[in-house]
Amino acid sequence: MPALLNHRYAIIQLLGTGQVGRTFFAEDMRATLPSRRWCIIKEYEPQIRTTEGYRLIQEEFRKRAATLARLSREHRYIPAIYHHFTKDGLFYLVREWVQGESLGNWVEQRGPLGEADVRKVLVRILDILEYIHRRRMLHGDIQPHHIILREWDGEPVLINFGEFRDVFAGRFLPRQRGTRLDSVLSAYTPLEQQTGRANAASDLYSLGLTAIYLLTGGLPQDLESMQMGMVRWYRYAGNISPELVNILNRTIQYNWRDRYGNAQKFLKELQAPSPAGKGIPPSRPKPYPVSRPAPRPTPSNPSLTGMQEWFRALLPGSLIGAMIVFAYLLIT
């Protein structure tokens with residue numbers, strides 16, 4: 001990397017490398033602020049190398065970056081987009097650095113969340129999704145590590161919009177639609193999105209699996225499978241209401257037409273008062289099935305075992321002999 005990327009950004013640390021690019025932590029050297037302005041830079045490398053494909057990708061990137069920048073200015077739980085540019089055939093998106101901890105790290109370090117906390121997260125994220133879906137934009141990559149608990153107010157912030165990942169995988173191009181591109185997808189991705197047919201219900205599916213992870217600590221691929229892609233996740237959750245079980249089960253339906261049609265319907269049912277006595281709460285959570293070696297038998301002491309067997313054989317005979325002696329004494 002140059003000393004200053006685009007004559008402006010000082011790269012401090014490489015945060016990660018993915019299928020379509022890299023992520024950096026950097027400082028904006030042109031920012032006119034009393035203190036330093038830290039930022040996150042997403043570097044994307046197109047997987048489509050034809051001249052026409054590159055031109056279409058460039059056009060789509062600029063359009064989506066401009067849309068997300070506008071949305072981030074209007075919604076406080078979307079990180080601000082500072083800048084986007086191209087350089088040496090690569091594309092860069094510069095966004096606000098959100099200081100805090102991801103929900104994925106939180107669960108890994110501290111264990112699953114309770115239902116009340118998960119409901120709060122769902123309400124906040126559904127508010128974001130309802131906002132962006134109405135403006136014909138999807139997130140495309142909702143998962144626990146892409147929700148940051150902002151340090152200064154504890155609110156969840158949604159980062160890493162996967163729409164840009166899909167652009168550089170060429171998934172919006174006509175020839176690529178319907179083609180599986182699993183290398184850039186996560187375990188939280190529904191079937192229709194895997195074949196380039198994502199819609200609002202796709203984001204809700206990913207959010208549903210994220211909520212299940214927060215409640216159980218189990219990754220989607222680790223939970224016990226059911227027919228048609230469903231999972232018996234509630235067996236691994238704590239004290240959870242049957243209403244939330246039913247809501248999340250609908251959210252992760254295999255066929256997107258069987259899920260909630262939009263975030264507003266999901267949110268409305270989530271906030272509905274719970275009918276008294278409806279359903280039966282799940283039983284106590286089961287631990288994840290872990291392969292454990294069978295307990296090794298404790299080796300016995302051979303000499304002690306022999307004495308025990310001798311004593312067992314001797315005892316009945318001794319009792320019979322004592323009874324005969326006692327009877328003889330009575331008679332005489």
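Position 1 is the first residue of the sequence; numbering continues from there. All of these numbers come straight from a predicted model, not from anything done at the bench. Side chains included, hydrogens not; waters and symmetry mates left out as well; all remaining heavy atoms used.
- A side-chain donor-acceptor contact under 3.5 Å links Y92 and E43.
- When all heavy atoms of C39 and Y9 are compared, the pair lying nearest together is SG-CD2, 4.0 Å.
- A donor-acceptor contact under 3.5 angstrom links the side chains of E192 and S202, judged on distance only.
- Note: R30 CZ to H7 NE2 = 8.0 Å, rounded to the nearest 0.5 Å.
- Looking only at side-chain heavy atoms (C-beta outward), I148 and P156 stay at 4.5 Å or farther from each other.
- Residue-environment remark: CD (E115) exceeds the threshold of 12 foreign heavy atoms within 6.0 Å.
- In the model, N262 has no side-chain atom that pairs as donor or acceptor with a side-chain atom of H133 under 3.5 Å.
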*Evaluate side-chain contact (heavy atoms from CB on, under 4.5 Å) for I40 paired with V98, printing each intermediate quantity in order.*
CA-CA 9 Å; I40 299 295; V98 181; over 6 Å; no
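- Connection of F25 to Y82 is not established within any shared hydrophobic cluster, with ILVMFWY side chains joined at heavy-atom distances below 4.5 Å, either directly or through further cluster members.
- Rounding to the nearest 0.5 Å places NZ of K268 at 8.0 Å from CD of Q264.
- A donor-acceptor pair under 3.5 Å is formed between the side chain of S206 and the backbone N or O of Y188.
- Between the CG atom in N6 and the NE2 atom in H83 there is a gap of 5.5 Å [rounded to 0.5 Å].
- For the pair R64 and F61, the cation-pi test (distance below 6.0 Å, angle within 45°) is failed.
- In terms of heavy-atom proximity, D203 sits nearest to I142 at O-CD1, 3.7 Å.
- Between F85 and L5, the closest side-chain pair of non-hydrogen atoms falls below 4.5 Å.
- Salt-bridge formation is not detected for the pair D258/R250: no Lys NZ or Arg NE/NH1/NH2 atom is positioned less than 4.0 Å from an Asp or Glu carboxylate oxygen.
- Closest of all the heavy-atom pairs between S72 and P79 is CB-O, 3.1 Å.
- Salt bridge status for R37 with E27: absent, with no side-chain N to carboxylate O gap under 4.0 Å.
- The existence of a salt bridge linking R110 and E101 is confirmed by a sub-4.0 Å separation between a basic side-chain nitrogen and an acidic carboxylate oxygen.
- From I212, atom CD1 reaches atom CG of L219 across 12.0 Å, with rounding to the nearest 0.5 Å.
- Here the side chains of I128 and H75 are in contact, with some heavy-atom distance below 4.5 Å.
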*Checking side-chain contact (heavy atoms from CB on, under 4.5 Å) for the pair L93/I81: CA distance, chi angles, key distance, verdict?*
CA-CA 8 Å; L93 184 73; I81 302 299; 3.8 Å; yes
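- Using a 4.5 Å heavy-atom cutoff, the side chains of I159 and R95 are in contact.
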_Applying side-chain contact (heavy atoms from CB on, under 4.5 Å) to L129 and I125, what does each step give before you reach the verdict?_
CA-CA 6 Å; L129 293 180; I125 302 303; 4.3 Å; yes
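- Distance alone, capped at 3.5 Å, is enough to place a donor-acceptor pair between the R135 side chain and the Y131 backbone.
- For F91 and Y44, the ring centers are positioned 6.0 Å apart or more.
- You'll find the side chain of N255 stays beyond 4.5 Å of the side chain of L191, heavy atoms only.
- Listed by chain and number, the residues in a ring-ring contact (aromatic ring centres under 6.0 Å, His included) with Y213 amount to none (sequence neighbours excluded).
- When side chains are defined from C-beta on, S102 does not count as touching Q143, because their heavy atoms never get closer than 4.5 Å.
- R119 contributes a side-chain N or O that, together with a main-chain N or O of L270, makes up a donor-acceptor pair within less than 3.5 Å.
- One finds the CZ atom of R62 at 7.0 Å from the NE2 atom of H84 (value rounded to the nearest 0.5 Å).
- Side-chain polar atoms of D28 and W38 form no donor-acceptor pair below 3.5 angstrom.
- Ring-centre distance between W256 and Y205: not below the 6.0 Å cut-off.
- Here D153 pairs with R76 in a salt bridge; the nearest charged N to carboxylate O distance falls below 4.0 Å.
- Annotation: side chain of L204 is not in contact with side chain of R259 (no heavy-atom distance under 4.5 Å).
- Checking Y260 against E269 by side-chain atom types alone, a donor-acceptor pair falls below 3.5 Å.
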*For K63 and E59, run salt bridge (Lys or Arg N to Asp or Glu O under 4.0 Å): C-alpha distance rounded to whole Å, both residues' side-chain angles, the deciding distance at 0.1 Å, then the answer.*
CA-CA 6 Å; K63 180 176 69 175; E59 180 180 332; over 6 Å; no
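- In this structure, E96 contributes its side chain and A80 its backbone to a donor-acceptor pair below 3.5 Å.
- Contact check for E60 versus L56: no side-chain heavy atoms found under the 4.5 Å cut-off.
- Cluster membership check: W97 does not share its hydrophobic cluster with L149, using side-chain heavy-atom separations under 4.5 Å among Ile, Leu, Val, Met, Phe, Trp and Tyr.
- At a threshold of 4.5 Å between side-chain heavy atoms, the hydrophobic network of Ile, Leu, Val, Met, Phe, Trp and Tyr places L138 and I78 in two separate groups.
- The two atoms that bring L126 and A263 nearest to each other are O-CB, 3.8 Å, heavy atoms only.
- Side-chain N or O atoms of T23 include none that pairs as donor or acceptor with a backbone N or O of L15 at under 3.5 Å.
- For F164 against A65, the heavy-atom pair with the smallest separation is CE2-N, 3.6 Å.
- For the atom pair OG1 of T251 and CG of N246, the computed distance is 10.5 Å after rounding to the nearest 0.5 Å.
- Counting only distance, with no hydrogens or angles, the side chain of D127 and the backbone of V123 share no donor-acceptor pair below 3.5 Å.
- Minimum heavy-atom separation, N160 to D141: O-CB, 4.0 Å.
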*Before giving the answer on side-chain contact (heavy atoms from CB on, under 4.5 Å), spell out for Y234 and L215 the whole-Å C-alpha distance, their side-chain angles and the decisive distance to 0.1 Å.*
CA-CA 9 Å; Y234 50 85; L215 289 163; over 6 Å; no
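- Between the side chain of Q193 and the main chain of G140, a donor-acceptor pair closer than 3.5 Å is present.
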